[in-house]
Protein chains: 2
Amino acid sequence: MGERRKAKVTLPDVAKLAGVSVASVSNYLNDYPHMRPTTKQRIQNAIDELGYVVNEQARNLRSGRTGLITLSIPDLNQIYFAELAEEVIKAARTRGYGVIVESTGNDKQRELDSIASMARNMTDGLILSPVKMSNDDVASMEGDFPLVMLGERVFKAPAPHVMMPNEAASRAVTEHLLDAGCRTVAVVGGTLDGSNSSSRSLRTQGYVEAMRHRGLTVDPALVREVGEWTSKNGALAVERMYREGIRPDAIFALNDLLALGVISQLREMRVRVPESVRVVGFDDINEAQYTIPSLTSVNPDRARIAELAVDLILGQVMTGRRASADKYPVPFTLVYRDSSPIMSS
Amino acid sequence: MGERRKAKVTLPDVAKLAGVSVASVSNYLNDYPHMRPTTKQRIQNAIDELGYVVNEQARNLRSGRTGLITLSIPDLNQIYFAELAEEVIKAARTRGYGVIVESTGNDKQRELDSIASMARNMTDGLILSPVKMSNDDVASMEGDFPLVMLGERVFKAPAPHVMMPNEAASRAVTEHLLDAGCRTVAVVGGTLDGSNSSSRSLRTQGYVEAMRHRGLTVDPALVREVGEWTSKNGALAVERMYREGIRPDAIFALNDLLALGVISQLREMRVRVPESVRVVGFDDINEAQYTIPSLTSVNPDRARIAELAVDLILGQVMTGRRASADKYPVPFTLVYRDSSPIMSS
DNA sequence: CTGAAAGCGCTAACAG
DNA sequence: CTGTTAGCGCTTTCAG
């Protein structure tokens, strides 16, 4: 029952009390296989008696590892990234790892900083989801540490790259809508400027491909550019589109927040979803289940993305070698809900 | 020009190349004031030459600090916590600190775990936002490390407690609505069971107080209990309320997600907001600006909460002493938007 | 203003 | 199966 507090008790203290050497205590703590049960017992008693806990920092200095990885994302206020972070934390925890979350605030310098700070050994690896870094920045990334890239905006990073197949997913959405009999599919948040690899370009591209594949022409008036992907801009885009006299039979919103606005605006205008207009979103955020009607959306399988990214880091940590710069597209699923059910209308 | 890589270069290496002692290099790295400029220059040259970076782990072992704090919250999928985490990360960064984010998934054991793991010295302090821990669990928290509690559900923790004044905020909302001439104020998400200190009890309590204060009686039929605070449940609550023939002139949703559903349902039913019914939410999530109409909401000033929590941790880290178990209520603001503008209707 | 030396608390050889 | 010893890379007295 004797409990001690405060004064930090070290491994040698335990050894002394247990009447064994520090090596034995260390062995015991690290599950060294061959050990006399009585010794183990004595050590455990001493540990309990003293309230000993290992000092991870000392352990880390020896082992060269920290049991921590860094996740660097643009902004936790963006639901997609918050949900992704949640999954990364979960995946890391089941593997005995902790996650330092860094939010770069869409700032290029901070993206570069999170790379620079890696060299200081505070964490075992970096999962980086850049939005502002240029290709040159990426290519010139120095430093020899476990790195995994996330997202679309990167080409020649010297590291594995986990991504969701944006184009294929968009194609699948578009095909689903076409299969349902829709012919006038508007794209809210899209852009026909294909000069970069942003989500909006890639997703629009998938739509275009699917249309062409079916022998349909793409009406530029149906591709509605918006600024930020917020629900308000989704609503405004729809309002404007109708004001221009355009009457789509389906609306593909390039993310769920846009889709929330689209649905809300359609309800306002008494346009029935999905009977008159089908609506599909992208990201499958939590809230997609709770809209009225519930929202059909592309689920990027964040859990898989997270696990893969974490495993690619840990693989590098274990082997001490950098993984090759392969692409890892993660399968998505299209989750059919009331805003665009699977049977043709 | 000459760049080296890979082989880790240590402080003694730098000292050797610069022709000075390790102490001087260390002093230089730590901005020791009195130092001959030429020496500084020589050291800096050597550092550049070798591409030296400090090993934080070794530094930490010496100093007993890690430059890291842990933030333990229930779930990043809940927007409120994601936005809070963003602010904590920001506050920590400006103070030179990193944040390990732990998500307890509303699991009591994991809340306790995050306390236990603190003892291992991996981080300098813990900001804990518990939802499941009982008062007893909290009271029995052992361990002598910097701790700050967040949220409402805790009474006798041996640590400072940063919270938002839920009751006062609710009172302010209710008074605002009454001032605007409303008399039938419904509370979506509320409960008249005052037996605990959950957000829903406290917020309802504030409403009740404000009503009583004005000499109004509280109609239990206006306090609409719902399960999870999702927009769908907000919408359903409104639908049900109207089906029962209740016609409020204001709806106070106890969080913004509920409010989104409330607004959406009212639009659906062609009830004009705010002309016929005012709507106010709670939390002021990002999305509140983008609803149509935009949502009046209680802004808990997450930035202040985050900064205060971080500073309370760092204060303890610096002094090496535990802060006393004071309460720190953080002022909220009521953000007036279109769903309930400030001038009386 | 700079150098030498003693650890922070732990693990990993290597003996015994 | 257990003990002794030498560091991991850095900071920090304490002399000079």
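Here is the naming used below: chain letters follow the sequence lines, and residue numbers restart at 1 for every chain.
- Counting only heavy atoms from C-beta outward, the side chains of A:D13 and A:Y52 never approach each other to under 4.5 Å.
- A:D107 and A:T104 share no donor-acceptor pair across their side chains, judged by distance under 3.5 Å alone.
- Going from atom CG of B:L29 over to atom P of D:dG9 covers 15 Å, rounded to whole Å.
- For D:dG7, the OP1/OP2 oxygens have no side-chain nitrogen or oxygen of A:R62 closer than 4.0 Å.
- Atom-to-atom, CG of B:L61 to C1' of D:dG7 comes out at 12 Å; the value is rounded to the nearest Å.
- Computed from coordinates, the B:R42 CZ to C:dC1 P distance equals 15 Å when rounded to whole Å.
- Within residues 16-25 of chain B, the residues having any heavy atom closer than 4.0 Å to DNA chain D are, in order of number, B:A23.
- Here the nucleotide nearest the side chain of A:A58, chosen from D:dT11, C:dC10, D:dC8, is C:dC10.
- Residues A:E152 and A:S197 bring no donor and acceptor atom of their side chains to less than 3.5 Å of each other.
- Residue B:R65 contributes atom CZ, which lies 13 Å from atom C1' of D:dT11 at whole-angstrom precision.
- Of all nucleotides listed (C:dT2, D:dT11, C:dG9), C:dT2 comes nearest to the side chain of B:N27.
- Just one residue in the list B:I115, B:T70, B:V317, B:I313 forms a side-chain contact (heavy atoms from CB on, under 4.5 Å) with B:F145, and that residue is B:I115.
- Residue A:N60 is classed as having no contact, given no heavy-atom separation below 4.0 Å to the nucleic acid.
- At the heavy-atom level, B:Y28 lies nowhere under 4.0 Å from the strands shown.
- Following rounding to the nearest Å, B:N55 (CG) and C:dC8 (P) show an atom-to-atom distance of 18 Å.
- We find that CD of A:E56 is positioned 10 Å from P of C:dC10, with the value rounded to whole Å.
- Between B:E87 and B:K90 there is a salt bridge, with a side-chain nitrogen of the basic residue lying less than 4.0 Å from a carboxylate oxygen of the acidic one.
- Looking only at distances, no side-chain donor or acceptor of A:Q78 sits under 3.5 Å from a matching main-chain atom of A:P74.
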Could you list the protein-to-nucleotides 14-16 of chain D atom pairs, N/O on both sides, closer than 3.5 Å?
none

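- Dashed line: the shortest gap from a side-chain N or O of A:R59 to OP1 or OP2 of C:dT11 is under 4.0 Å.
- Rounded to whole Å, the distance from CD1 on B:I43 to P on C:dG3 is 9 Å.
- No donor-acceptor contact under 3.5 angstrom links the side chains of A:N60 and A:T66, judged on distance only.
- With respect to the salt-bridge test (charged N to carboxylate O, under 4.0 angstrom), the residues A:K132 and A:E111 do not qualify.
- Tested against A:R42 for a side-chain contact (heavy atoms from CB on, under 4.5 Å), the candidates A:V20, A:V25, A:I47 yield a single pass: A:V20.
- With sequence neighbours excluded, no residue satisfies side-chain contact (heavy atoms from CB on, under 4.5 Å) with A:K16.
- The CG atom of B:L11 sits 14 Å away from the C1' atom of C:dA4 (whole-angstrom rounding).
- If you check every strand for non-hydrogen atoms under 4.0 Å, A:T39 touches sugar and phosphate atoms only.
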